[in-house]
Amino acid sequence: MNYIGSKLKLCQNFLPTTIKSVCGEDLSQKTFCDIFAGTGIVGRTFKTSVKKVISNDVEYYSYVLNKNYIENHRELQNKDDLLDELNNLSLIEDGFIYKNYCLGGNGERQYFSDRNGKKIDTMRTAIETWKQEGRISDNLYYFLLCSLLESADKVANTASVYGAFLKNLKKSAQKELILEPAEYELNENEHQVFNKDANELIKEIEGDILYLDPPYNTRQYGANYHMLNTIAEYKPFIPSGKTGLRKYTRSKYCSAASVKEEFENLIKNANFNYIFLSYNNEGLMSVEDVKSIMSKYGKYGLAQTDYQRFKADANRFNKADSTVEYLHILEKN
């Protein structure tokens, strides 16, 4: 999934190498918390090398992704048969996604082709029915729902995020939605996934390594990925405006007026030995802001690397191709 702030490339070397240089090469007895998890790529990177991953995000679509990628850790029976069944169901004609987010439904919005909108409705309804009837376990439920979110995202008619749809169906959006498996890493250890405000959850958990990747700027994830929440929750509401927006959580990390206080409260309440903060040079907090706050609570350090910037901005051609990604490090007192 093309995701704002994704750490996929950083996870290939920079993050694991830096974290192990501070915490030690052997992390097998460590509890690792990814408290702003997004698509869960960081937690997934450490899942098989730590004792336990705690994953959290306030966005429900993220919770669904991580219930599959992090919490699922044993083989699920019949999942391929269920995927085949979902791919071959007779289509619902008047479902919520088709009626509100496809041209054939309301004549205004075009987040998906008409057929793909109907397929999303059909699959989402079936997955919920199977859960309510006891046909599938919670583990299978989140596997199937995660698979649907990612498969739907591949045929979405957007430039990247869901803040707007394209006027005409792009090539990838013309392809038929095929439900593909969201494969996860198998291991023996149990993991934990939450759907809470990070500043509240931090008071309830403890561990060894806390990884922080909060929003950097004024982009609100609830607005940019509202369509994924709508599919994930699949509860009726009245879509608002041209883009069919739903009510969403506004993060205090996206406001210059509140971010420093919110961040300091998180650090202060964290019951973890090591804290790592990913943040870049275009964020609302400066390097000095972060250093000033973190230094109050222990031994501070800093690592950095150049990183290709996310390019969903309308004026992306006027911006630098790369940004500096900082990894702020705190060994807490």
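Closest approach of Phe46 and Pro16 over heavy atoms only: CZ-CA, 3.8 Å. A pairwise comparison of heavy atoms in Lys47 and Glu185 identifies NZ-O, 2.8 Å as the closest pair. In this structure, Cys11 and Ile41 approach most closely via the heavy-atom pair SG-O, 4.1 Å. Scanning both residues, Thr122 and Leu91, for their nearest heavy atoms gives OG1-CA, 3.3 Å. Between Asn199 and Ile202, the closest heavy-atom pair is O-CG2, 3.4 Å. The shortest non-hydrogen separation linking Asp34 to Val42 is OD2-CB, 3.7 Å.
Under the 30°/60° scheme for interplanar angles, the aromatic rings of Tyr61 and Tyr3 are found to stand perpendicular. Classified by interplanar angle (parallel below 30°, tilted 30° to 60°, perpendicular above 60°), the ring pair His328/Tyr326 is tilted.
Defined by atom type and a distance below 3.5 Å, a donor-acceptor pair is missing between the side-chain atoms of Ser6 and Asn2. With hydrogens and angles left out, the side-chain atoms of Asp289 and Ser292 include no donor and acceptor closer than 3.5 Å.
Summarising the local packing, CD of Glu261 is surrounded by 12 or fewer heavy atoms from other residues, nucleotides or ligands at distances under 6.0 Å. In the displayed structure, Lys51 atom NZ is contacted under 6.0 Å by at most 12 heavy atoms of other residues, nucleotides or ligands.
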Inset, instruction - Verify salt bridge (Lys or Arg N to Asp or Glu O under 4.0 Å) between Lys79 and Glu183, making sure each step is shown before the conclusion. - result: CA-CA 10 Å; Lys79 60 185 176 69; Glu183 301 289 5; 3.3 Å; yes
Requested in this report: Go through Arg135 and Glu85 one step at a time and tell me if the salt bridge (Lys or Arg N to Asp or Glu O under 4.0 Å) criterion holds.
Outcome: CA-CA 13 Å; Arg135 181 179 173 186; Glu85 186 172 342; 2.7 Å; yes
Report the C-alpha distance between Glu59 and Asn229 in whole Å, list the side-chain angles of each, state the deciding distance to 0.1 Å, and finish with yes or no for side-chain hydrogen bond (donor to acceptor under 3.5 Å, both in side chains).
CA-CA 7 Å; Glu59 297 299 334; Asn229 275 334; 2.7 Å; yes
* To do: Begin with the C-alpha distance, continue with both residues' side-chain angles, and end with the deciding distance and a verdict on salt bridge (Lys or Arg N to Asp or Glu O under 4.0 Å) for Lys196 and Glu200.
  => CA-CA 7 Å; Lys196 294 188 175 185; Glu200 294 303 316; over 6 Å; no
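The side-chain heavy atoms of Leu149 and Asp153, taken from C-beta on, include no pair separated by under 4.5 Å. In this structure the side chain of Ile209 never reaches within 4.5 angstrom of the side chain of Thr31, judged on heavy atoms. Put simply, the side chain of Asn72 does not reach to within 4.5 Å of the side chain of Cys146, judged on heavy atoms. Between Val22 and Glu331 the shortest side-chain heavy-atom distance does not fall below 4.5 Å. Side-chain contact between Lys252 and Val259: absent, with no pair of heavy atoms (C-beta onward) separated by less than 4.5 Å. At a threshold of 4.5 Å between non-hydrogen side-chain atoms, the residues Asn157 and Lys170 count as touching.
Side-chain atoms of Asn281 come within 3.5 Å of backbone N or O of Val324 as a donor-acceptor pair.
Sorted by first and then second residue, the salt bridge (charged side-chain N to carboxylate O under 4.0 Å, His left out) pairs with a member in residues 154-166 read Lys154-Glu180; sequence neighbours excluded. For residues 294-304, the pairs satisfying salt bridge (charged side-chain N to carboxylate O under 4.0 Å, His left out) are Glu264-Lys296, with sequence neighbours left out. Counting only residues at least two apart or in different chains, ring pair (Phe, Tyr, Trp, His ring centres under 6.0 Å) contacts with residues 90-112 comprise Phe96-Phe237, Tyr101-Tyr111, Tyr111-Phe165, Tyr111-His226.
With sequence neighbours excluded, the residues forming a salt bridge (charged side-chain N to carboxylate O under 4.0 Å, His left out) with Glu325 are Lys7, listed by chain and number.
Listed by chain and number, the hydrophobic cluster partners of Tyr248 are Leu245, where partners are ILVMFWY side chains within reach of under 4.5 Å, directly or through others. Grouped with Ile92 in a hydrophobic cluster is no other residue, since no side-chain heavy-atom contact under 4.5 Å to another Ile, Leu, Val, Met, Phe, Trp or Tyr is found.
No salt bridge links Lys52 with Glu190; every basic N to acidic carboxylate O contact stays at or beyond 4.0 Å.
Annotation: cation-pi pair Lys131/Tyr141 present, NZ/CZ under 6.0 Å from the ring centroid and within 45° of its normal.
Put simply, NZ on Lys242 and CZ on Arg109 are 10.5 Å apart, with the number rounded to the nearest 0.5 Å.
Aromatic pair Phe194/Tyr63: centroids not less than 6.0 angstrom apart.
In the hydrophobic cluster analysis, where Ile, Leu, Val, Met, Phe, Trp and Tyr join through side-chain heavy atoms closer than 4.5 angstrom, Met1 is grouped together with Met123. If you chain together hydrophobic residues whose side chains sit under 4.5 Å apart, Val193 and Leu186 fall into the same group. One hydrophobic cluster, built from ILVMFWY side chains closer than 4.5 Å, holds both Leu76 and Leu86.
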